[in-house]
Asker: 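The structure that follows is given in the form of C-alpha cells.
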There are 2 protein chains.
Amino acid sequence: MSKPDTQTPRGRYRAQVREEVKRHAWEQIAAAGASALSLNAIAKQMGMSGPALYRYFASRDELITELIRDAYRSLADTFRARARADAGSKAGAGADLGDLAHALRGWALDDPQRYFLIYGTPVPGYRAPEDTTRTASEIMAVILDACAAAPAGSPGSPASPAEKLPTTHPSPFDAHLDAHRAWAGPHPAPSSALHRALLFWTRLHGVLSLELAGHFAGMGFDPAQLYTAEAEAVMGR
Amino acid sequence: MSKPDTQTPRGRYRAQVREEVKRHAWEQIAAAGASALSLNAIAKQMGMSGPALYRYFASRDELITELIRDAYRSLADTFRARARADAGSKAGAGADLGDLAHALRGWALDDPQRYFLIYGTPVPGYRAPEDTTRTASEIMAVILDACAAAPAGSPGSPASPAEKLPTTHPSPFDAHLDAHRAWAGPHPAPSSALHRALLFWTRLHGVLSLELAGHFAGMGFDPAQLYTAEAEAVMGR
DNA sequence: TCGCGTTCGTGATACCTTCTAACGAAGCGG
DNA sequence: CCGCTTCGTTAGAAGGTATCACGAACGCGA
C-alpha cells in the first residue's frame, strides 16, 4: 500500500498489470470457483513465469482479498447509482426498494461467483479488512435510506384486505432492535425501518443465494417471480 | 460401490477406516474450510502414508462428495426425527414449523461448515449425485408436510390487527406455483402451502447463512431473535 | 492347517501448487 | 550519463493430488 502511484510511468504500468491479473482471476473464478484460482495459471496466460506475479500481489490470499474488495465496491457502486437515479426521478431521499432489489439481482446474476465471494461460504480463519466492512456499511446505508423513505407499513407480506394500516403494531423484534441500533449509526429511522432493512437483506439473499447455487434447478417454478414476490412482501405491498 | 460388505471382517475394517477418515475430514473442514481439506494431512494424523487413503476413497473429490452426502442425510434425519416427535405429541400429520425451524438452526450452529457444504458457495462444474438430490427432496417433503398441516393463513408477517383471515387472497406467485408444482410431487397441498414451504426455506436460510458467515457480527442485535421472528412470519403468526 | 488370492500399506515417482531467493536486465530520475 | 529501483527470470524448497509396483498381511476354502 501507499503505492497507488498513477503519476509515474512505473506506477501506471504496475496498476495496469494488476488490473490484467485481476481480469484473468475473475475469469478463472467464474469458470471453476475461487478455490481453483491459480497464480501460476494466470501468469502463464499472461505470458509470464509464475513468480513474476509476486511483484504485484504478495500472496494468493492478497489477490483474493483484493477481488473481494472490488466485489464489495462494485455492489456499493451499483446501489449508489440506483439510489442517485431514483433521487432524481422521485421525491423521497432514498432509492425505491423495488429498484434496489432489481439492481441486486441483476448484479448477482451478472457474475454469481462474485456474489458468493461476498456472501458465500466463509473461510473459518479469514478476517475481512477494515475497508471492506466500511463498504458493507455503505451498502447497508443505502438500503436503510430506502427503508426510511418508504411508506410505513407492516413489512413482510401481502397485508390483509383492509390495506396497510399506518398503525403498525411493533413486533418483539422491533423492540429488541430499538435497544440494539448501534449498527444503524446516527440514522434517525424508526426501528420498523431497521427491521425492514434487515428483511430486505436476509429475504432477498435467501432466494438469490439458493437460486444462484442451483438449488431451485429442476423444480420448475421461476425464481425471478419468487424473488419479486419477496421484494414486494418486504415493501409491504 | 457395491462394496458395503459389513459382513466380512475386511468389509468391517474397511467401513471403520472410512469412517475414521471422514471424522478427521470433518475436523479439518471445521478448522479451515473444505478447500483446505488435505488427504495427506488426514493420512498423517492416522499414522499412515498418503497414498494409503486411495484404497478407501478414489479421490479427494469423492471424499468431499461423501461428506456432502452425509451432511444431507444428517439434516434429513434431524428433520424426520422432529417430524416423528411432533406427530406423536399433536394431532396434525406433519411437524410443527416452529419446531422444524428451531431444529434447523440447532443443526446448523452445531457445525456451520457442514451447513455450508450443502448451502454454501457452489463449485461451477460440480454435479450433485442423484441420491443427494433425493435426500434433498425428502427434506423438502418434511417441510411441505408441515406446511400442509399448518393452519391456513397469510404467510409472511404479523397479520393485521384483524387477525389472520381464512380467506387468503392468492398472490400472483401462488398462481404461478399452481402451474408449476411438479417439484411437490403428488402432494395434495394447496399452492399456498407450497409457497409457505418455499418461504420457510428461503427466509430461514437467508438469516441463518448470513449469521453463520459472520455478516451480523458487530451489529449488536441477536440473530436468534431475527430468526424466530422470520419463522413466526412464515407461520403467519 | 495350509496354501492362494485378495486386499492393504508402502516408497518411488510425476506433476501440480504456493512462495522464497538470487541474479541479470531494463527503466526512470537526477 | 550514471545509479538506484523495479521487474522478470531461473532454481529450489515444501507440500499437495494421484498412479504405480512391490511386499506383506489377511481371510477363505480346501
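A, B, ... follow the sequence lines: proteins, then strands. Residue 1 opens every chain. Note that these values count all heavy atoms, side chains included, but never hydrogens, waters or copies made by symmetry.
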Asker: Closest to the R14(A) side chain: dC7(D), dG9(C), dT18(C)?
Answerer: dC7(D)
Asker: Atom OH in Y119(B), atom CH2 in W201(B): separation rounded to 0.5 Å?
Answerer: 6.0 Å
Asker: Tell me: CD of Q7(A) to C1' of dC28(C), nearest whole Å?
Answerer: 15 Å
Asker: To the nearest 0.5 Å, what is the distance between CG on D111(B) and CD on E27(B)?
Answerer: 10.5 Å
Asker: At 4.0 Å (heavy atoms only), tell me whether L37(A) reaches a base, stays on the sugar-phosphate, or touches nothing.
Answerer: sugar-phosphate
Asker: Which part of the nucleic acid, if any, lies within reach of F57(B) when heavy atoms closer than 4.0 Å are counted: base, sugar-phosphate only, or nothing?
Answerer: nothing
Asker: Tell me the interatomic distance from D61(B), atom CG, to dA18(D), atom P, rounded to whole angstroms.
Answerer: 7 Å
Asker: Nearest-nucleotide wise, let me know which of R55(A) and P51(B) is further upstream toward the 5' end of DNA chain D.
Answerer: R55(A)
Asker: Without decimals, in angstroms, what is the distance between L63(B) CG and dT17(D) P?
Answerer: 10 Å
Asker: Taking the side chain of Y13(A) as its heavy atoms from C-beta onward, which of dC28(C), dT17(D), dG8(D) lies nearest to it?
Answerer: dG8(D)
Asker: Indicate whether OP1 or OP2 belonging to dG9(C) is found under 4.0 Å from a side-chain N or O atom of Y56(B).
Answerer: yes
Asker: Would you please confirm or rule out a distance under 4.0 Å between OP1 or OP2 of dT18(C) and any side-chain N or O of N40(A)?
Answerer: yes
Asker: Examine the side chains of H205(B) and Y115(B) and answer whether a donor and an acceptor come within less than 3.5 Å of each other.
Answerer: yes
Asker: To the nearest Å, give me how far apart OH (Y54(B)) and P (dA18(D)) are.
Answerer: 4 Å
Asker: Report the residue (S59(B) or S49(A)) whose heavy-atom-nearest nucleotide on DNA chain D is the more 5′ of the two.
Answerer: S49(A)
Asker: For the CG atom of L199(B) and the CD1 atom of I143(B), what is their distance to the nearest 0.5 Å?
Answerer: 11.5 Å
Asker: Rounded to whole angstroms, how far apart are CD on E62(A) and P on dT18(C)?
Answerer: 14 Å
Asker: Can you check the K44(A) NZ to dG8(D) P distance for me, whole Å?
Answerer: 17 Å
Asker: Which nucleotide sits closest to the side chain of P9(A): dT9(D), dC28(C), dC7(D)?
Answerer: dC28(C)
Asker: Calculate the interatomic distance between L53(A) atom CG and dT20(C) atom P; express it in whole Å.
Answerer: 13 Å
Asker: Can you measure M48(B) atom CE to dT17(D) atom P for me and round it to whole angstrom units?
Answerer: 13 Å
Asker: Have a look at S38(A) and say if it touches a base, only the backbone sugar-phosphate, or nothing, with a 4.0 Å heavy-atom cut-off.
Answerer: sugar-phosphate
Asker: Is the distance between the ring centroids of H176(B) and F221(A) less than 6.0 Å?
Answerer: no
Asker: So, under a plain 3.5 Å distance rule, would you say the side chain of R10(B) forms a donor-acceptor pair with the base of dG27(D)?
Answerer: no
